[in-house]
Amino acid sequence: MPLAPPNPTVFPPLAGPTPLSDLQREVLALKKAKDAVILAHNYQCEDIQGVADFVGDSLGLAYKAAEVSASTIVFCGVHFMAETAKIVNPAKRVLLPDLEAGCSLADSCPAERLAKAKAENPGMAVVAYINCSAAVKALSDVICTSGNASRIVGRIPADREILFVPDQNLGQWVAERTGRKLRLWPGSCYAHVQFTPTALLRAKALHPGAPVVAHPECTEAVRALADEVCSTELMVAWARRQQADTLIVTTESGMIHRLRREVPGKTFVAAPTDRCACNECRYMKLNTLRKLRDCLANEGPEIALDEEIRAKAEIPLRRMLEWSKT
Ligand code: 13P
Ligand code: SF4
């Protein structure tokens, strides 16, 4: 008989601000000495979020990276996010605490395969989710994030065929919302597809009446059980709007650190998978506070990009930043 999914992890409201640790103080002193800005994704661990200058989703981080004036950006997230920072702000040194911090979505779409698909389908517009390599961005017409995907797809002329890469779940959600027929690349986020209806229903049964938010990288069956589907940034605004005291969050559990800080007084339940009580992205969690300290101290590892690819990738990225505003 299959085992019942574990009980979800429950995060009660924070009692107050968390005092800085010695290591966090050391990171802040190094950051100042090295003229660095720390940008962190919502999925980073709590102690990294606590020293970051900005914590946000992929879209917010791309805008922030473009406007950094300090000489160094330390990007606490995964490789494609740090690459994005380098694409939009090439004069800066961009550091990533662990260069192995990849992404299953980015891995699912090698540039050579996309180039082949484009050659076989001339005239097709390529909309690439930002979770892809610089080389894939360089082959794309426009980039999108989970925060603006429907808006971006809506800007492509109705008579143009669209290939949406690399997340089939996000693509399917965008197709539902926009009514556009999209050709979907068969990629997925290994972490988000681990959420199942069974595990989510169990969390709902344990917390009756708690509204559920889910990331669009979740499968259709899981999204169908959610009251709201949105990017990590929009989850903060959604949580603020809720009357209920307890909310179920169906995404990488690092998100809950941001929610607890910015939406006080609520209890957050990390949606479980069939096997674990919350869900962590193994790539995001490769960055640690210690690696962040070492990265600042050693001024590396650094993101290196071929200039030709960077310049080509900047065009669809800038297009996204522009289309997102209007
Ligand atoms: P957001 O842009 O919503 O933060 O998502 C990024 C991501 O990698 C989700 O898995
Ligand atoms: Fe990639 Fe999924 Fe990790 Fe986001 S959570 S970085 S999509 S593997």
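Start at 1 and go down the list; that is how both ligands and their atoms are numbered. For reference, positions follow the sequence shown, starting with 1.
For ligand 1, the polar-atom distance check against T145 finds no nitrogen or oxygen pair separated by under 3.5 Å. Taking any N or O of N42, backbone or side chain, none lies under 3.5 Å from an N or O belonging to ligand 1.
Taking backbone and side-chain atoms together, C103 has no N/O/S atom less than 2.8 Å away from atom 2 (Fe) of ligand 2. Atom 3 (Fe) of ligand 2 has an N, O or S atom of C281 closer than 2.8 Å.
Looking only at side-chain heavy atoms (C-beta outward), K137 and C132 come within less than 4.5 Å of each other.
Under the 4.0 angstrom criterion for non-hydrogen atoms, S146 is in contact with ligand 1. Using a 4.0 angstrom heavy-atom cutoff, E252 does not count as in contact with ligand 1. Within the structure, ligand 1 lacks E233 among the residues with a heavy atom less than 4.0 angstrom away.
For ligand 1, the atoms lying closer than 4.0 Å to a non-hydrogen atom of H192 are 10 (O). Contact atoms of ligand 2 toward E217: 2 (Fe), 7 (S) (distance under 4.0 Å to a heavy atom of the residue). Interface of S104 with ligand 2, defined as ligand atoms under 4.0 Å from a residue heavy atom, comprises 8 (S). Near L105, meaning under 4.0 Å from one of its heavy atoms, ligand 2 places the atoms 7 (S).
Under a cut-off of 6.0 angstrom, the local environment of CZ in R160 is crowded, with over 12 non-hydrogen atoms contributed by other residues, nucleotides or ligands. Around the CD atom of E100, the shell of radius 6.0 Å holds no more than 12 heavy atoms that belong to other residues, nucleotides or ligands.
No donor-acceptor pair closer than 3.5 Å links the side chain of D53 to the backbone N or O of V37.
The two residues R260 and F11 come nearest to each other via the heavy atoms NE-CB, 3.7 Å.
A cation-pi arrangement is found for R282 relative to Y190, the charged atom lying closer than 6.0 Å to the ring centre and inside a 45° cone about the ring normal.
Between T232, L170, N131, it is T232 that holds the heavy atom closest to atom 4 (O) of ligand 1.
Atom 2 (Fe) of ligand 2 has its closest protein heavy atom at C189 SG, 2.3 Å.
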